[in-house]
Colleague: 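Starting off with a structure, shown below.
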Amino acid sequence: MTTAVQNLISKLGAWLSRHSIDVLRVSLGLVFVAFGTLKFFPGVSPAEALSVATLEKLSLGLLSGYAAQFVIAGMEVFIGLTLMTGRLLKTGLVVLAGALAGFFAPYVLFFTDLFPGAPTLEAQYIFKDIVLAAAAMVVAARALGARLVPAGGQQSPAATVTPAAWSRTRSWNR
């Protein structure tokens, strides 16, 4: 490879190591705000019946109907806003960890309804949450101090950030 191409690849790697997790965090937040907002309006979310039934079971009937839907909507929007803005990020990630358990609970609680033979549309809808969980793990790792380093371990000065410097320069890490 030519030096110019190697230089470009190195700069691209450094840029990605600095910005890709932030882009992932904000886009994950947008997804949560979008899906959560739908749940504030009865009959709009395609996952409404399944999410309400799941929370009814998990809360042992304490939350049902619109109250359950409102709690789910509020939780998802809160998670999304913390991811998008970086404010209260660690709190949002803790709420997200609990929400992920709820996202996958229908596979245990309603398995035969979701898989009467082939997976239903609802089963497929939940299956996409695996990607959301993986993205959340990456964002959580960064929030807890992990760093993304370009291949080969070579870092440009701009890509080298210590955890102490990171917390001073990034408000979303608080």
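These values consider heavy atoms only, across backbone and side chains, with no hydrogens, waters or symmetry-generated copies. Quick note: residue numbers are just sequence positions, from 1. Source: prediction; values computed, not measured.
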Colleague: Quick one: closest heavy-atom pair of L50 and P106, and the distance?
Modeller: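 Minimum heavy-atom separation between L50 and P106: CD1-CB, 4.0 Å.
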Colleague: Search all heavy atoms of R25 against all heavy atoms of G86 and return the closest pair with its distance.
Modeller: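 The pair with the smallest heavy-atom distance is NH1-N, 3.6 Å.
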Colleague: Using the side-chain contact (heavy atoms from CB on, under 4.5 Å) definition, which of the options L100, V94, L96 pairs with I79?
Modeller: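 The option that passes is L96.
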Colleague: Give me the atom names and distance for the closest heavy-atom approach of V33 to M84.
Modeller: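 For V33 versus M84, the nearest heavy atoms are CG2-SD, 3.7 Å.
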Colleague: Please report the closest heavy-atom contact between G36 and A73, naming both atoms and the distance.
Modeller: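 Where G36 meets A73 most closely, the heavy atoms are O-CB, 3.3 Å.
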Colleague: Looking at OG of S51 and CD of E56, how far apart are the two atoms once the value is rounded to the nearest 0.5 Å?
Modeller: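 So the gap between those two atoms works out to 9.5 Å.
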Colleague: Hey, what do you get for CD (Q6) to OG1 (T3), rounding to the nearest 0.5 Å?
Modeller: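 Result: 5.5 Å between the selected atoms.
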Colleague: Considering only heavy atoms from C-beta outward, does the side chain of L109 approach that of T54 to under 4.5 Å?
Modeller: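 Yes, close enough: below the 4.5 Å cut-off.
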Colleague: If Ile, Leu, Val, Met, Phe, Trp and Tyr residues are connected whenever their side-chain heavy atoms lie under 4.5 Å apart, and connections chain through other members, are V77 and V44 in the same group?
Modeller: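 Linked within one cluster.
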Colleague: Which heavy atom of L93 sits nearest a heavy atom of A143, and at what distance?
Modeller: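 That closest heavy-atom pairing would be CD1-CB, 3.7 Å.
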Colleague: Do M75 and F35 belong to the same hydrophobic cluster, where Ile, Leu, Val, Met, Phe, Trp and Tyr are linked whenever their side-chain heavy atoms lie under 4.5 Å apart, directly or via other members?
Modeller: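 Yes, because M75 and F35 connect within a single hydrophobic cluster, where side-chain heavy atoms sit under 4.5 Å apart.
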Colleague: Where do T91 and T82 land on the side chain to side chain contact (heavy atoms under 4.5 Å, CB included) test, with the steps shown first?
Modeller: CA-CA 8 Å; T91 303; T82 65; 5.9 Å; no
Colleague: Can you tell if the side chain of L83 reaches within under 4.5 Å of the side chain of L89, non-hydrogen atoms only?
Modeller: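 Yes, side chains in contact.
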Colleague: Salt bridge (Lys or Arg N to Asp or Glu O under 4.0 Å): which pairs involve residues 27-49, sequence neighbours left out?
Modeller: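 Every salt bridge (Lys or Arg N to Asp or Glu O under 4.0 Å) pair that includes a residue of residues 27-49, provided the two are not neighbours, is K39-E76.
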Colleague: Under 4.5 Å between side-chain heavy atoms, counting indirect links through other Ile/Leu/Val/Met/Phe/Trp/Tyr residues: same cluster for V71 and L81 or not?
Modeller: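 No, it is not one cluster - the side chains of V71 and L81 are not joined through contacts under 4.5 Å.
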Colleague: Under 3.5 Å, side-chain donor or acceptor atoms of residues 118-128 against the rest of the protein: list the pairs with distances, not counting sequence neighbours.
Modeller:
from: T120; atom 1: OG1; to: L114; atom 2: O; distance (Å): 3.2
from: T120; atom 1: OG1; to: E122; atom 2: N; distance (Å): 3.4
from: T120; atom 1: OG1; to: E122; atom 2: OE1; distance (Å): 3.4
from: T120; atom 1: OG1; to: A123; atom 2: N; distance (Å): 3.2
from: Q124; atom 1: NE2; to: P119; atom 2: O; distance (Å): 3.3
from: K128; atom 1: NZ; to: Y125; atom 2: O; distance (Å): 3.4

Colleague: Does S17 offer a backbone N or O that forms a donor-acceptor pair with the side chain of S20 under 3.5 Å?
Modeller: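 Not at all, since once roles are kept as given, no pair shorter than 3.5 Å links the two residues.
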Colleague: Return each pair, listed once, that meets ring-ring contact (aromatic ring centres under 6.0 Å, His included) where at least one residue sits in residues 44-88; pairs must be two or more places apart or across chains.
Modeller: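 Every ring-ring contact (aromatic ring centres under 6.0 Å, His included) pair that includes a residue of residues 44-88, provided the two are not neighbours, is F40-F70.
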Colleague: Quick one, D129 and L132 - any side-chain contact, counting heavy atoms below 4.5 Å?
Modeller: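 Yes; the side chains approach each other to less than 4.5 Å.
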Colleague: Indicate yes or no: at least one non-hydrogen side-chain atom of L63 is less than 4.5 angstrom from one of I72.
Modeller: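 No, side chains not in contact.
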Colleague: According to a hydrophobic-cluster definition based on side-chain heavy atoms being under 4.5 Å apart (Ile, Leu, Val, Met, Phe, Trp, Tyr only), do F32 and L88 belong together?
Modeller: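 Yes, same cluster.
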Colleague: Hydrophobic cluster membership, with links at side-chain heavy-atom distances under 4.5 Å among I/L/V/M/F/W/Y: are I130 and L24 in one?
Modeller: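 Yes, one cluster joins them.
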